[in-house]
Novice: 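If you scroll down you'll find the structure; I have some questions about it.
Indexing begins at 1, ligand by ligand and atom by atom, following the structure's order.
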Amino acid sequence: MRMVDLIEKKRDGYALTKEEIQFIIQGYTNGAIPDYQMSAFAMAVFFQGMNDEETAELTMAMVHSGETIDLSKIDGIKVDKHSTGGVGDTTTLVLGPLVASVGVPVAKMSGRGLGHTGGTIDKLESVPGFHVEISNEEFIELVNKNKLAVVGQSGNLTPADKKLYALRDVTATVNSIPLIASSIMSKKIAAGADAIVLDVKTGAGAFMKELDDAKALAKAMVEIGNRVGRQTMAIISDMSQPLGYAIGNALEVKEAIDTLKGEGPEDLQELCLVLGSHMVYLAKKASSLEEARHMLERAIEDGSALEAFKRFLAAQGGDASVVDDPSKLPQANYVIELEAKEDGYVAEIVADEIGTAAMLLGAGRATKESTIDLAVGLVLRKKVGDAVKKGESLVTIYSNREQIDDVKQKLYENIRLSSERVQAPTLIYDKIS
Ligand code: URA
Ligand code: CA
């Protein structure tokens, strides 16, 4: 086989065979196929697309390009959740303990964040003592015992995806549905998921800004999962404004605690119940989505979800007393209110720009080398649709620097008020299974 022939075949709109796709991915991973040929290939896929079978083969070829995680020693069906990314997305922190508390094993491999806030691990590390440097044996033991553990990403998962994603980033080929879908699904499958729940975001703060694109991506990922024997379901949810109120690491841990008590923001709680009931259902712990939802609602009401969070934190060295006393989490030196300049209704809170404002405070990493400040961030006091009076707080800013004119300006520019009444946006647009 010659790469040039395969590029030509795809350029002219033909479907590739399993063997051809494996040849490309193996060759690219081991260096036999150079970046310039892979770039041309990615561009051919960008224009010609791939059918469902090709996309599934591409996914599995990337899964097999490196290590895969064996979770077979964990009892039960391991369901993983993946979000395509958003601003102030606190769902993972809530969902882990929530579904674990009804017996669903959550073996979470997670990363550090780049961008507006930290990743799940950064957020959890705002709990004093908590660490993710545990051995594979301990990880498996903890999931069997507590139904929940989080470990840092191990070295060599899906090297083909790492290399290809970096190449796509500089060749204008990121935005291709088969390439995105196979990239995301390969990572979940390599990390050992038996079943997968996807939260595909749409709106200003999302990767897929348009609803139709988000739906197409969700369908492509569900199709891959079901073709390769991993039951997959997807939710399309709103990311035009940030999710919940808190954006920032310790602030989101506090928000997760509130939500596990049933006292969190309505949108975050609802999305967690919907995603969570899909996880419980796929784990076969309930025979319908309705039954699964009732189980989760009960776990919040009777305190077992909160107990699961405490147990999980303590098992990985964390000070679980933060759950009862969140003032033990890192605290910012300055707490500043952003006051509304006029009366009106909140018409828009542009999610990605608000995320950038949190990053300016130090809540996220601008580059891989930046360090993050776990204490800082934003707590929205109003959401789209809310009425606001001049002088009322729109946002509480938690900062470790006194001078924050840059942050305030960014927030004012991206929280638009209207004199007319505004409808709150739809939270969940669609479900695909
Ligand atoms: N996220 C991924 O992991 N891969 C893509 O291709 C796009 C977004
Ligand atoms: Ca949030």
Novice: List in chain and number order the residues that pass side-chain hydrogen bond (donor to acceptor under 3.5 Å, both in side chains) with Tyr28, two or more places apart in sequence or in another chain; answer none if no residue qualifies.
Specialist: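 Tyr28 satisfies side-chain hydrogen bond (donor to acceptor under 3.5 Å, both in side chains) with Asp35 only.
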
Novice: Below 4.0 Å from any atom of ligand 1, which residues have a heavy atom? Give them in chain and number order, please.
Specialist: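 Protein residues near ligand 1 are Tyr165, Arg168, Ile180, Ser183, Ile184, Lys187, Phe207.
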
Novice: Test side chain to side chain donor-acceptor pair (under 3.5 Å) on Glu337 and Thr396 and set out the steps.
Specialist: CA-CA 5 Å; Glu337 304 298 337; Thr396 307; 2.8 Å; yes

Novice: Sequence neighbours left out, what pairs pass salt bridge (Lys or Arg N to Asp or Glu O under 4.0 Å) with at least one residue falling in residues 194-203?
Specialist: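 Listed by first then second residue: Lys78-Asp194, Asp89-Lys201, Asp199-Lys201.
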
Novice: Checking Glu353 against Lys410 for the salt bridge (Lys or Arg N to Asp or Glu O under 4.0 Å) test, could you report, in this order, the C-alpha distance in whole Å, the side-chain angles of both residues, the deciding distance, and whether it holds?
Specialist: CA-CA 7 Å; Glu353 297 291 341; Lys410 187 142 212 75; 2.8 Å; yes

Novice: So, for Phe41 and Tyr36, is the gap between ring centers shorter than 6.0 Å?
Specialist: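 Aromatic pair excluded; centres sit 6.0 Å or further apart.
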
Novice: What protein N/O/S atoms sit under 3.0 Å from the Ca ion (ligand 2), by chain and number?
Specialist: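 Gly88 O, Thr90 OG1, Leu243 O, Ala246 O, Glu255 OE1, with waters left out.
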
Novice: Is Lys382 paired with Glu392 through a side-chain N to carboxylate O contact shorter than 4.0 Å?
Specialist: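 A salt bridge is present here (some side-chain N lies under 4.0 Å from a carboxylate O).
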
Novice: Consider only side-chain N and O atoms of Thr90 and Glu255, and report whether a donor and an acceptor are under 3.5 Å apart.
Specialist: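 Per modelled atom types, Thr90 and Glu255 side chains form a pair under 3.5 Å.
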
Novice: For the CG atom of Leu16 and the CD1 atom of Ile21, what is their distance to the nearest 0.5 Å?
Specialist: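 Reported to 0.5 Å precision, the distance equals 5.0 Å.
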
Novice: Going by atom types alone, do Asn400 and Asp373 pair a side-chain donor with an acceptor below 3.5 Å?
Specialist: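 Asp373 and Asn400 do have a side-chain donor-acceptor pair below 3.5 Å.
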
